[in-house]
Peer 1: 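Have a look at this one.
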Amino acid sequence: MAAAATPQADRPSNFIRDIILEDLKANKFAGRVHTRFPPEPNGYLHIGHAKSICLNFGLAAEFGGKTNLRFDDTNPEKEEQEYVDSIITDVRWLGFDWEDRLFYASDYFDQLHQWAVQLINAGKAYVCDLSAEEVRQYRGTLNEPGKESPYRNRSVEDNLELFAKMRAGKFPDGSRTLRAKIDMASPNLNMRDPVMYRILHAEHHRTGDKWCIYPMYDFAHGQSDSIEKVTHSICTLEFEDHRPLYNWFIQQLGIFPSQQIEFDRLNITYTLLSKRKLLQLVRDGHVRGWDDPRMPTLSGLRRRGYTPEAIRNFCAAIGASKTNGTIELAMLEHFLREDLNQRAPRVMAVLRPLRVVIDNYPEGQVEELEALNNPEDPSAGTRKVPFSRELYIEQDDFRETPPKKFFRLFPGQEVRLRAGYFIKCTSVVKDEKTDEVVEVHCTYDPATRSGNAPDGRKVKATIHWVSARHAIEAEVRLYESLFSKEDPNDVPESQEFTANLNPNSLETLTAAKLEPSLASAKPGDRYQFERLGYFCVDPDSTSEKLVFNRTVQLRDTWAKIEKREKGKSL
RNA sequence: UGGGCGGUCGACUAAUGGUAGGUCAAGUGCCUUUGGAGCACUUUGUCCAGGUUCGAAUCCUGGCCGCCCAGCCA
């Protein structure tokens with residue numbers, strides 16, 4: 001039962017949606033919308049793929065259509081089962097379902113081979129003995145037409161026999177190809193007798209050693225779409241030049257005419273979205289793996305603490321067009337914070353501890369103070385946080401001599417401890433050698449329990465804290481962007497993109513202090529460490545020591561002010 | 001310099017011959033037991049030049065600028 005097309009009028013449109021709307025109106029595919037997401041299993045999926053996934057699944061869903069997951073596995077030399085598995089995991093994690101429609105281009109190898117024979121019989125394909133180098137020379141250049149291969153006019157019988165021998169493994173790799181007979185003078189280089197099959201004595205991750213000839217992308221993709229009756233075949237801009245060839249094969253074969261539509265690839269500032277380069281980062285050990293939290297891969301983002309919702313909202317917001325552009329990283333982070341703000345439980349953690357002693361608080365006394373789990377979500381309830389005479393606060397929250405507009409603790413200043421008491425700084429203890437403040441002494445006002453002043457007096461800042469005796473220790477990994485340049489590919493000539501790697505992309509803090517409620521945190525759990533940012537538990541955590549990743553910082557107005565004030569005084 | 005595709009606020013994206021709007025960023029104020037969140041307000045744009053039209057971001061012509069293509073990769 002084809003669900004009636006129910007386009008949401010209020011939904012921001014894009015040119016692909018407009019095309020579908022028109023096709024529906026014209027009853028072009030009998031009212032069907034069927035898309036596919038066609039990754040090559042030669043690496044892990046990244047956020048650029050998420051854009052394509054959201055587009056393909058989203059568009060089909062909107063119009064009551066279907067989306068297939070199809071692995072484009074025509075190059076056994078680069079493809080691996082590990083990648084297939086990761087891709088399946090990642091698309092599911094993102095929240096999409098292809099039901100029983102999991103396909104592989106390799107499912108169609110027999111059919112593709114048959115079609116190749118059909119084209120040979122029709123005089124539209126020939127076996128060419130030119131070497132790779134010769135093929136390149138015969139192809140011509142951007143400005144000059146190519147030359148026809150001397151093997152172009154072999155008889156159908158010869159071609160059939162030669163192609164059969166290619167398939168039977170009679171020839172070494174690279175010695176021959178099957179080519180389409182189109183037009184060596186075409187201004188579109190893709191039409192200059194493109195290679196359809198190459199000889200590759202390589203083990204395929206699914207078909208094993210059944211084949212020693214493999215179809216090229218151009219001879220597999222359109223037909224795979226066609227076999228699956230895909231109506232709208234959405235791909236990226238660089239395939240625009242391939243569309244005439246895509247259509248040529250479909251037309252010569254007389255098969256279902258899927259329609260290719262190209263959109264712009266995703267680019268994000270400070271981020272590299274190229275599988276080849278990502279693989280290089282992994283292989284050369286610049287990151288710890290495909291799922292390193294600094295990687296823009298879906299597995300990396302997941303480990304970093306991103307939610308599928310945040311990624312989907314981001315993809316919906318950026319839309320799709322045909323203009324080459326670059327989205328600011330801030331946009332992605334906005335959708336991340338927006339989602340996490342609603343759902344992440346608040347908790348107190350001190351990353352760089354500074355000891356605070358409350359001189360007038362009874363020694364040995366412990367109070368259980370009640371704290372809100374999430375001010376954005378009353379249903380999240382409250383929890384108890386232990387308070388005692390000795391605490392840790394953030395080093396950043398204390399200055400012996402406060403700069404302008406610094407509202408936090410300094411000698412003589414009173415601040416509120418979150419969910420605790422008002423405290424006032426009375427003195428500091430310094431390291432004799434370094435002159436560094438190592439301990440801060442304060443007094444507290446017992447009347448301000450849980451943060452309210454009965455006399456109505458105000459305080460300019462609220463800071464977070466952890467009871468020293470009750471704190472649990474953790475490792476916290478702070479991340480910055482992997483690259484320090486907006487465009488990681490912008491390097492002086494003769495240098496590689498790796499020259500733009502940010503040396504500070506990872507900072508590991510080993511002595512962070514957490515409130516005790518975190519003892520039961522499990523890998524993948526996400527929290528807001530109050531006033532700092534969102535953090536999630538890394539799978540490296542052990543029963544002895546928790547490891548947290550900083551997903552993203554909270555917006556930091558103070559940092560902005562401080563930077564501006566510093567700039568002024570220079 | 002062949003072919004293909006594009007150029008709308010700082011970024012991304014709408015407006016499909018009829019008021020250039022939204023999101024992010026930036027800024028200002030309010031509010032705040034997170035310098036968070038929220039709320040309100042503000043700044044900034046149709047690549048250029050002609051033409052068609054009552055009316056052009058949109059249609060036409062000519063420029064300019066950018067991206068992609070010379071894998072037996074996808």
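Computed from a predicted structure; not experimentally measured. Letters A, B, ... are given to chains in the order of the sequence lines, protein chains preceding strands, and every chain is numbered from 1.
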Peer 1: How long is the line joining CD1 of Ile318(A) and C1' of C12(B), in whole Å?
Peer 2: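 Taking atom C1' of C12(B) as the reference, CD1 of Ile318(A) is at 8 Å.
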
Peer 1: In whole Å, I'd like the distance from the CE atom of Met196(A) to the P atom of A74(B).
Peer 2: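 In whole Å, A74(B) P and Met196(A) CE are 14 Å from each other.
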
Peer 1: What about Asp241(A), does its side chain sit under 3.5 Å from the base of G3(B) through a donor-acceptor pair?
Peer 2: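 Such a pair is found, so the answer is yes.
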
Peer 1: Expressed in angstrom and rounded to an integer, what is the separation of Ile182(A) atom CD1 from G3(B) atom C1'?
Peer 2: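 Value for this atom pair: 15 Å.
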
Peer 1: Would you say the base of G36(B) and the side-chain of Arg337(A) have a donor-acceptor pair closer than 3.5 Å?
Peer 2: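 No, no donor-acceptor pair under 3.5 Å.
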
Peer 1: Using whole Å, what does the distance between atom P of nucleotide C67(B) and atom CD of Glu238(A) come to?
Peer 2: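 Atom CD in Glu238(A) sits about 15 Å away from atom P in C67(B).
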
Peer 1: Can you check the Lys560(A) NZ to G36(B) P distance for me, whole Å?
Peer 2: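 Value for this atom pair: 9 Å.
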
Peer 1: For a quick check, tell me whether the side chain of Gln528(A) and the base of G36(B) share a donor-acceptor pair closer than 3.5 Å.
Peer 2: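 A donor-acceptor contact between them is absent.
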
Peer 1: Should the ring pair Trp211(A) and His113(A) be called parallel, tilted or perpendicular, given that the plane angle runs from 0 to 90° and is split at 30 and 60?
Peer 2: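 Trp211(A) and His113(A): tilted rings.
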
Peer 1: Could you check whether the side chain of Glu133(A) and the base of G71(B) have a donor-acceptor pair of N or O atoms closer than 3.5 Å, going by distance alone?
Peer 2: no

Peer 1: As a test of reading the structure: which of G2(B), A37(B), A74(B) is closest to the side chain of Met216(A), going by heavy atoms?
Peer 2: A74(B)

Peer 1: Should the pair His242(A) and Phe239(A) be assigned to parallel (<30°), tilted (30 to 60°) or perpendicular (>60°) ring geometry?
Peer 2: perpendicular

Peer 1: Give the rounded distance in Å between these two atoms: CZ of Arg265(A) and P of C12(B).
Peer 2: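 Atom CZ in Arg265(A) sits about 17 Å away from atom P in C12(B).
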
Peer 1: Angle between ring planes, Phe103(A) versus Tyr108(A), binned at 30° and 60°: parallel, tilted or perpendicular?
Peer 2: tilted

Peer 1: Please state how far atom NE2 in His242(A) lies from atom P in C68(B), giving the value in whole angstrom units.
Peer 2: 13 Å

Peer 1: May I have the distance from Arg564(A) (atom CZ) to A26(B) (atom C1'), rounded to whole angstrom?
Peer 2: 10 Å

Peer 1: In terms of the nearest nucleotide of RNA chain B, which residue is placed more toward the 5' end: Gln342(A) or Ile199(A)?
Peer 2: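 Its nearest nucleotide lies further toward 5', so the answer is Gln342(A).
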
